[in-house]
Amino acid sequence: MQPRLMALEEGKDLATTVRTYQPRALPLRVLQFFLVFLVLGLGVSVCSMYMIRFFKVPNAAPVVQPTVVPSCFVELDSIQSWIRPPTNLLHIMNDAELLWRASFVPQIKSYPFDRVPKIAFMFLTKGPLPMAPLWERFFKGHDMHYSIYVHAMPSYDANYPPSSVFYRRQIPSQVTEWGRMTMCDAERRLLANALLDISNEWFILLSEACIPLRNFSIVYSYISRSKHSFMGSFDEHGPYGRGRYNEKMAPLVNLTNWRKGPQWFEVNRELAVKIIADVTYYPKFKDFCRPACYVDEHYFQTMLGIETPHLIANRSLTYVDWSRGGAHPATFGKVDIKEEFFKKIFDSKICLYNNQPSSLCYLFARKFAPSALKPLLELSSEVLGF
């Protein structure tokens with residue numbers, strides 16, 4: 001019995017040992033689940049590729065841009081951001097905002113950068129500039145010494161080519177009426193826009209009917225070396241001078257303060273700021289100088305005559321012919337443009353320049369009809385010097 005029992009026990013142990021090391025087969029359900037998952041994964045991948053190729057559907061998650069933290073060593077604001085002239089004149093400031101911004105004045109008079117003083121040529125027009133080709137010739141080669149601003153009617157859409165000096169030089173404008181305060185508003189608007197360029201030192205008001213009488217070098221030298229600004233401001237007796245005065249303007253403006261002068265002026269930066277920053281005289285002239293009181297002939301002239309008479313030369317740089325009479329000056333056309341015509345203008349008067357007598361009194365002239373352009377271009381190099 002012992003051997004048999006031992007054999008059975010050994011057989012039992014052997015069987016147990018064999019079962020212990022025999023590998024187990026995966027359940028059928030697990031295999032089926034794995035196959036289904038694999039088929040679905042392949043299907044989704046194929047569909048995604050199809051959609052990306054034919055429907056341009058992005059399958060990538062949006063990339064979150066990292067937040068850029070400025071270094072404490074990076075200059076966030078430099079002097080260039082203050083002195084760089086506006087690249088786009090068509091801003092969205094209203095008049096109150098514009099005048100406020102333009103009235104900023106540095107209290108330190110010396111400039112911490114190389115400043116080239118410029119002349120701002122400000123054209124107050126209804127629409128196009130018929131004399132533009134003549135002005136183009138006048139400005140050629142002097143890019144660093146001038147800037148241009150055009151105030152036209154809001155409905156006018158300028159179409160100057162990119163090569164023109166007038167390209168994109170139109171400022172935001174409003175409707176103006178002859179002889180009313182809206183005319184002075186337009187002039188202040190021009191001054192304010194020009195003041196935004198810190199390099200503009202002198203400001204000349206012109207119309208579409210104005211022409212230059214001298215070349216740019218002479219004009220720049222004459223204006224930059226002058227001790228005075230050029231605005232006519234004189235006491236005219238009679239119905240067209242003192243006769244326009246309204247007693248309701250007193251005591252701010254008395255009859256003895258009342259002045260008249262041409263609309264077309266040249267002022268330096270100091271006076272330009274005074275004009276656009278004025279809130280004292282403006283209401284009086286708006287309320288009490290209406291046609292037949294033409295405010296553009298009295299407002300600036302009287303205000304500067306009271307506040308800064310020592311800074312103005314009491315004359316205009318623009319020649320105008322009133323000899324024909326009427327409410328408007330003479331207009332010159334094609335038949336007028338001859339050498340003798342300009343000689344008459346050049347020799348017409350002796351004036352004071354820096355308190356010394358001078359025969360060079362006019363740098364500009366008006367009014368010129370579009371028909372005058374062709375003969376002007378023919379004579380400009382010989383007679384006008386450009």
Task: Ring center gap for Tyr294 and Trp178 short of 6.0 angstrom - done: yes
Task: Output field: ring centroids Phe364/Tyr319 closer than 6.0 Å - done: no
Open item on the list: Any donor-acceptor pair under 3.5 Å linking the side-chain atoms of Ser173 with those of Arg189?
Closed with: no
- [ ] Measure from the ring center of Tyr160 to the ring center of Phe166 and say whether it is less than 6.0 Å.
- [x] yes
Open item on the list: For Phe121 and Trp264, I'd like to know if the aromatic rings sit close, meaning centre-to-centre distance below 6.0 Å.
Closed with: no
Task: Any side-chain donor near an acceptor of the partner, His298 and Arg244, under 3.5 Å - done: yes
Task: Between Tyr245 and Asn257, a side-chain donor and acceptor under 3.5 Å - done: no
Task: Heavy-atom closest contact (Met93 atom, Arg101 atom, distance) - done: SD-CB, 4.3 Å
Open item on the list: Under a 4.0 Å threshold between the charged nitrogen and the carboxylate oxygen, would Glu201 count as salt-bridged to Arg269?
Closed with: no
TODO: May I ask you to check whether Tyr222 and Tyr353 place their ring centres under 6.0 Å from each other?
DONE: yes
- [ ] Indicate the atoms forming the closest heavy-atom contact of Arg366 with Pro329, along with that distance.
- [x] NH1-CG, 4.0 Å
Task: Atom pair CG (Asn193) and CZ (Phe203), whose distance is rounded to the nearest 0.5 Å - done: 11.0 Å
Task: Pair Tyr281-Glu307, side-chain donor/acceptor within less than 3.5 Å - done: yes
- [ ] Take Asn254 and Thr256, measure what side chain to side chain donor-acceptor pair (under 3.5 Å) needs, and give me the verdict at the end.
- [x] CA-CA 5 Å; Asn254 296 308; Thr256 53; 5.1 Å; no
- [ ] Report yes or no: do Arg115 and Ser199 form a side-chain donor-acceptor pair below 3.5 Å?
- [x] no
